[in-house]
Structure formats: structure tokens, C-alpha cells
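What follows is a short report on a single structure.
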Amino acid sequence: MKSEEIMDICMRRGFLFPSAEIYRGVAGLWDYGPLGTRMKNSWENLWRKHFLSLSPNFHEISTTNILPREVFEASGHLESFNDALAECSSCHSRFKADQLIEENLKISSEGMNLEEINKAIKDNNLNCPQCGGDLSAKFFNLMFRLELGAGESIKEAYLRPETAQGAYLAFKRSFKTLRNKLPLGLAIIGKAFRNEISPRQGFYRLREFHQAELQIFFDPDKVNEHEDFESVKDKKLRIYSIEDRGKNIREVKCKDLDLPKFYLYYMVKIQDFYLETLKLPREMFRFRELDEKEKAFYNKIHWDFELNIESLGGFKEMGGIHYRTDHDLSGHQKLSKENLMINVDGKKFIPHVLELSFGGDRNLWALLDLGYEKEERTVLKLPKNVAPYYCAVFPLMKKEELIKKAKEVYKLLSNEFSIMYDDTGSIGKRYRRQDEIGTPYCITIDYDTLDDDTVTLRDRDSMEQERVRIDKIIEILNEKV
RNA sequence: GCGGCUGUAGUGUAGUGGUUAGCACUUGGGCCUUCCAAGCCUACGACCCGGGUUCGAAUCCCGGCAGCCGCACCA
């Protein structure tokens with residue numbers, strides 16, 4: 001219900017559209033329209049500002065979407081993203097081949113190739129559990145496979161399923177370039193691709209999506225320290241651990257949690273991003289601990305951070321904080337034969353990685369959901385710093401002298417803020433239009449303005465109005481952000 | 001991918017074999033209007049795609065695509 005209402009605004013007002021819509025679209029592919037793009041850019045910029053400022057040695061890089069096969073061999077994605085599924089020739093149900101073989105034949109299918117799996121199925125007369133039909137196995141990989149070049153010289157490559165690998169590949173040179181200092185943070189804001197079998201839930205699971213990830217490389221001997229830990233030790237984190245399942249979220253002081261300090265510090269900074277930078281309601285946020293089954297194969301410690309999204313039925317993952325150890329760098333060192341060890345003060349080691357990973361698209365959806373309000377009016381109470389427009393300027397009526405003045409004010413402000421101008425329809429209608437796309441402030445020019453250079457400043461959330469001088473507006477708006 | 005339900009302007013809908021495919025809101029233009037979706041005039045705009053049945057299909061049948069629900073999948 002709410003999900004459709006938000007999607008309605010998104011399509012009608014230009015936040016999101018189905019990609020290739022005139023060809024009926026494709027599940028899991030979405031375009032950002034003009035307003036959505038503004039919002040996405042703002043969110044990404046806030047993210048940059050918040051996370052890159054945590055250390056002078058945190059830097060953003062931009063790496064390719066296409067990477068050669070070896071990268072994912074080393075990372076483990078080729079293997080663990082690659083499931084052999086047995087498909088029934090009559091009812092087309094699919095089953096995991098390894099499970100089927102293990103359960104029925106009590107042998108492990110590990111290491112079997114497709115031929116061997118199919119032979120095992122055939123020799124043992126394994127039939128479809130659903131209808132009894134014939135089964136044949138095929139590999140389904142969640143990564144998009146590409147062929148680079150042509151003819152004999154084709155190189156096998158994949159679209160990256162996470163931005164992270166780019167940072168690991170760039171680590172060695174970045175570390176040198178940045179003069180051999182740890183911790184080193186490499187952030188990548190970009191796209192990732194997963195060939196989801198059936199993307200559902202509208203905008204939540206996509207085939208092409210945005211990630212904002214920060215890979216922090218550090219000395220594993222120092223995992224239980226952080227130079228600024230003192231400043232966060234008494235901060236309360238909202239946690240939902242494995243033991244808390246079925247119970248309530250707890251607020252626990254950072255220093256009382258049994259997690260490495262280096263990890264805790266960044267949990268606090270992530271929580272701050274949501275509660276302080278975006279100013280979301282505290283009760284909508286939590287960290288959720290993943291159990292062994294849910295954890296990604298490369299993670300030693302893995303908590304997700306979640307927001308309570310009504311349109312998606314409750315708390316949903318916005319990202320994760322992953323202690324990946326040296327899984328990736330060691331894997332790349334082994335396969336590439338490149339030495340990825342570093343030497344810090346005479347100590348040689350492969351650094352460990354703490355990954356802060358955010359799903360861009362679902363974060364935006366969350367903001368739309370949390371902001372959406374429909375009572376006597378429809379209003380998107382977006383955080384002011386991510387709203388597509390910060391302010392709109394109107395002449396009270398469509399009269400030449402008011403329009404002229406309004407355009408002057410528009411021009412004055414457009415250098416400072418993301419701003420829009422509108423002079424069609426009644427003033428009330430124009431306010432409502434801005435409410436619907438979340439514009440925090442509207443400025444109206446009336447006949448008094450022509451006499452005394454004051455305007456009406458109207459607040460999106462309270463609908464209250466105040467009279468302010470034009471030469472003070474920039475200052476006043478800046479204070480309100 | 002399987003099963004069930006669904007698909008008419010941007011949105012919500014009317015239309016169940018022959019309609020110039022109707023209505024409301026939205027949007028563009030105009031009039032009016034001194035602060036919260038007012039009113040008046042006017043314009044734009046749709047049968048998801050393909051095939052079949054039929055003299056004739058938005059309507060019936062088949063396939064595709066998309067959406068919703070359930071199953072499976074979700075590193």
C-alpha cells in the first residue's frame with residue numbers, strides 16, 4: 001500500500017523510472033530521474049563528507065566495473081556465487097544440486113563438475129521431488145559474465161558484484177602513493193551488478209545497483225584499539241544481537257560490547273551517519289548481528305545496519321560492517337603471485353580489512369519511506385540535506401512585477417542552494433507540489449516585498465511562515481540546514 | 001524459475017464482442033486571485049506487446065513482458 005504510494009510519487013514526479021520502460025522494462029533495472037538523481041548525489045556527498053573526514057588517510061578512488069576472471073577466482077565469488085541447480089524437464093522446478101545429491105546419496109558433491117553431477121543424478125535415478133520428472137543440472141552464477149575482445153583472444157571477465165574488489169586491487173599502489181601509512185581507507189562509490197534470478201520487492205533487490213563502500217586496511221595486531229576510541233566509548237549503540245532475536249533492541253554503551261575497539265568505533269560512526277547527519281528517528285535504526293548461516297563466507301565479524309521500513313515490512317538491511325580479515329588480499333596474493341605484504345616499522349604482514357558497505361538505492365528508498373506522510377496533505381519529510389531541492393521561490397501571483405522580483409531572488413539563491421522557481425497555479429497548490437517532493441523551504445514574493453524587501457519563508461514540516469529580509473535569506477537558510 | 005491473481009492517459013477508474021473508449025485528479029496554456037491542492041475556459045494524453053479466433057477484439061484464446069501474493073533464490 002505505502003510502497004505503491006511512494007512509487008507513485010517517484011514515477012510521477014521524476015525520482016525513479018523502470019529502465020527501458022518503453023520496451024516494457026526489465027525486472028531489477030531502474031533509472032533515476034531528475035529528482036532522484038539530485039537526491040542520490042546529495043546522499044553520496046553526505047556519505048563522502050561523513051566517512052572520508054574520519055581520517056586524513058581515507059581517500060576516494062574510482063575503479064572499473066569490469067574485472068577479469070582471476071579477480072573473482074581469488075575472491076571466492078566464482079565458486080560461491082556459482083550454484084549448480086538441477087532443473088526438472090517437465091515442471092521446471094529448480095533445486096540445489098549439491099543438496100539433492102547429499103541428501104539422497106549421502107555423498108558430498110564438492111569438487112564435482114557439471115558432467116559428474118549429471119552422471120550422479122542419472123546413475124542414481126534422482127527424479128524431481130516435485131513431480132518425478134527428469135532432472136538435469138546447470139550452473140547459475142550470480143555474476144554477469146562478459147567476453148572481452150573477439151575471436152581467439154577473448155578474455156573472460158565479469159561485472160563486479162561488489163565495489164570492494166577494486167579497492168583490494170588498488171591497495172598496493174595506493175598504499176605506496178599515500179606513503180605507507182595505516183590505517184588506510186579506500187572508498188568507492190559506484191555500481192555493482194548481480195544477476196538475481198527473480199528480483200522482487202520493487203526497488204529493494206536490483207540487478208544493477210549503487211554501493212558506497214569504505215575499505216579500511218589496518219594492522220591486525222591493532223584491532224583492539226583506535227586512537228579516537230575515548231571519544232565514543234560511552235556512546236550507546238542500538239543493537240540486536242543473535243541472543244536478542246525475538247526480543248527488543250538494546251541500547252548498549254560501546255565499551256560494554258564484546259567487540260574489537262576498531263570495529264566498535266566505526267559502528268558508532270555509522271550510527272551517527274543515520275542519527276546525526278541524516279537526523280533519522282533513533283528508534284528506526286539498529287545493528288543486527290548475523291549468524292553463521294547468514295554471514296558472507298569472507299567475514300569474521302558481520303553486523304548489518306538496518307532501518308525500519310514500513311513499505312518493506314520492517315527492519316531492512318541498509319548495509320553491513322564486515323571484518324573481512326586478510327581474506328581478499330591473501331587470495332589475490334596467492335593467485336596473482338604479487339607480494340601484497342607491507343612493511344611497517346620493520347614488521348611485514350598482510351593488512352586486515354574492515355569494510356563499511358552501504359547499498360545506495362535501498363538507502364534512498366528508506367529515506368523516501370521514512371519521510372512519506374499522507375494526511376490532509378502529502379508530504380515527503382526528507383532530511384533537508386538530501387531533498388532534491390532545498391528551497392523554492394514563488395511570486396504570490398502571476399503578475400509581472402512580482403515575477404520580476406521573484407526571479408531576482410531565485411537568481412540570488414541559485415548560486416548557494418539547489419533551488420527551483422514556480423509561478424503556475426495558486427499559491428497553495430505550489431506549496432503542496434513542493435511538499436510532495438520534500439522541498440524544505442518555500443519563499444514567496446508579494447506586494448510588500450516590492451516596498452520593504454522582505455519575503456515569506458514557509459517551512460515544509462510545520463507549514464509555518466515567517467517574514468524575513470531578502471539580504472538575510474542566505475544566512476537564515478544556511479543556519480537551517 | 002514454478003503456481004495463483006492482475007495489466008485501459010502520469011494516477012485512480014468506467015467500459016465483458018460492434019462506444020467518436022467515458023469520468024475524476026494531474027499536467028500545459030489562458031482568465032481570476034494578496035499565502036496553503038478554490039473557481040472558470042482550453043489543450044495534451046490510454047486499451048502492456050505479439051499472435052490466434054471472429055465479418056468485427058480493450059473485451060475471448062495462446063505466448064511474451066511487467067506487477068502483486070506464495071514457493072524457490074537472495075554472496
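Values below: every heavy atom of this structure, side chains too, minus hydrogens, waters and symmetry copies. Note on naming: letters A, B, ... go to the chains in the order of the sequence lines (proteins, then strands), and numbering restarts at 1 for each one.
Comparing the same atom, P, in B:A43 and in B:C5 gives a spacing of 43 Å after rounding to whole Å. A gap of 15 Å separates the P atoms of B:C48 and B:A21, to the nearest Å. With C1' as the reference atom, B:G56 and B:C71 are 43 Å apart, rounded to whole Å. Rounded to whole Å, the separation between the C1' atoms of B:A58 and B:G17 comes to 10 Å. Nucleotides B:U20 and B:G52 have their C1' atoms positioned 28 Å apart, rounded to a whole Å. Using P as the reference atom, B:C49 and B:G10 are 12 Å apart when rounded to the nearest Å. Taking atom P on both B:C61 and B:U26, the two are 37 Å apart, rounded to the nearest angstrom. Distance check on atom C1': B:A9 versus B:U27 gives 11 Å, rounded to whole Å.
Salt-bridge check for A:R12 with A:E436: passed, with a basic side-chain N closer than 4.0 Å to an acidic carboxylate O. Taking a cutoff of 4.0 Å between a charged side-chain nitrogen and a carboxylate oxygen, A:E464 and A:R458 do not qualify as a salt bridge. Salt bridge annotation for A:R324-A:D328: present, with a cationic side-chain nitrogen under 4.0 angstrom from a carboxylate oxygen. Ion pairing between a basic and an acidic side chain is recognised when a charged N comes within 4.0 Å of a carboxylate O; A:E408 and A:K405 show such pairing. Taking the charged nitrogens against the carboxylate oxygens, A:R460 and A:D435 have no contact shorter than 4.0 Å, which rules out a salt bridge. Salt-bridge annotation for A:K480 and A:D459: absent, with no side-chain N of the basic residue lying under 4.0 Å from a carboxylate O of the acidic one.
Within the 4.5 Å cutoff, no side-chain heavy atoms of A:F358 are placed close to those of A:E213.
With both pairing distances under 3.5 Å, B:A21 is matched to nothing as a Watson-Crick or G-U wobble pair. Within the shown strands, B:G7 is the pairing partner of B:C65 under the Watson-Crick or G-U definition, both distances less than 3.5 Å. Base pairing analysis places B:U53 opposite nothing; no Watson-Crick or G-U wobble pair with both distances below 3.5 Å involves it. Checking B:G70 for Watson-Crick or G-U wobble geometry (two distances, each under 3.5 Å) identifies B:C2 as its partner. The base-pairing partner of B:A37, taking Watson-Crick or G-U wobble contacts with both distances under 3.5 Å, does not exist among the strands shown. Pairing of B:A43, defined by two Watson-Crick or G-U wobble distances under 3.5 Å, is identified with B:U27.
A donor-acceptor contact under 3.5 Å links the side chain of A:Y431 to the base of B:C35. A donor and an acceptor atom sit less than 3.5 Å apart, one in the side chain of A:R458 and one in the base of B:C36.
Between A:Y298 and A:H327, the angle of the ring planes lies from 30° to 60°, which puts this pair in the tilted group.
A residue-by-residue look at A:F209 and A:E464 shows that A:E464 has its nearest nucleotide of RNA chain B further toward the 5' end. Comparing A:R433 and A:V26 by the nucleotide of RNA chain B that holds the closest heavy atom to each, the one mapping nearer the 5' end is A:R433.
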Nucleotides 5-10 of chain B: protein proximity per nucleotide (B base, S sugar-phosphate only, - neither; heavy atom, under 4.0 Å): -----S

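Among the nucleotides B:A66, B:C35, B:A37, the one closest to the side chain of A:A27 is B:A66. Comparing atom distances between the A:S426 side chain and each of B:C35, B:A38, B:U34 picks out B:A38 as nearest. Closest to the side chain of A:T456, out of B:A38, B:C35, B:G30, is B:C35. Proximity note for A:M463 (side chain, C-beta onward) versus B:C35, B:C36, B:G30: the nearest is B:C36. For A:R205, taking side-chain heavy atoms from C-beta onward, the closest of the listed nucleotides B:G30, B:C35, B:C73 is B:C73.
In this structure, A:Y298 reaches the bases: a heavy-atom distance under 4.0 Å links it to at least one base atom across the strands shown.
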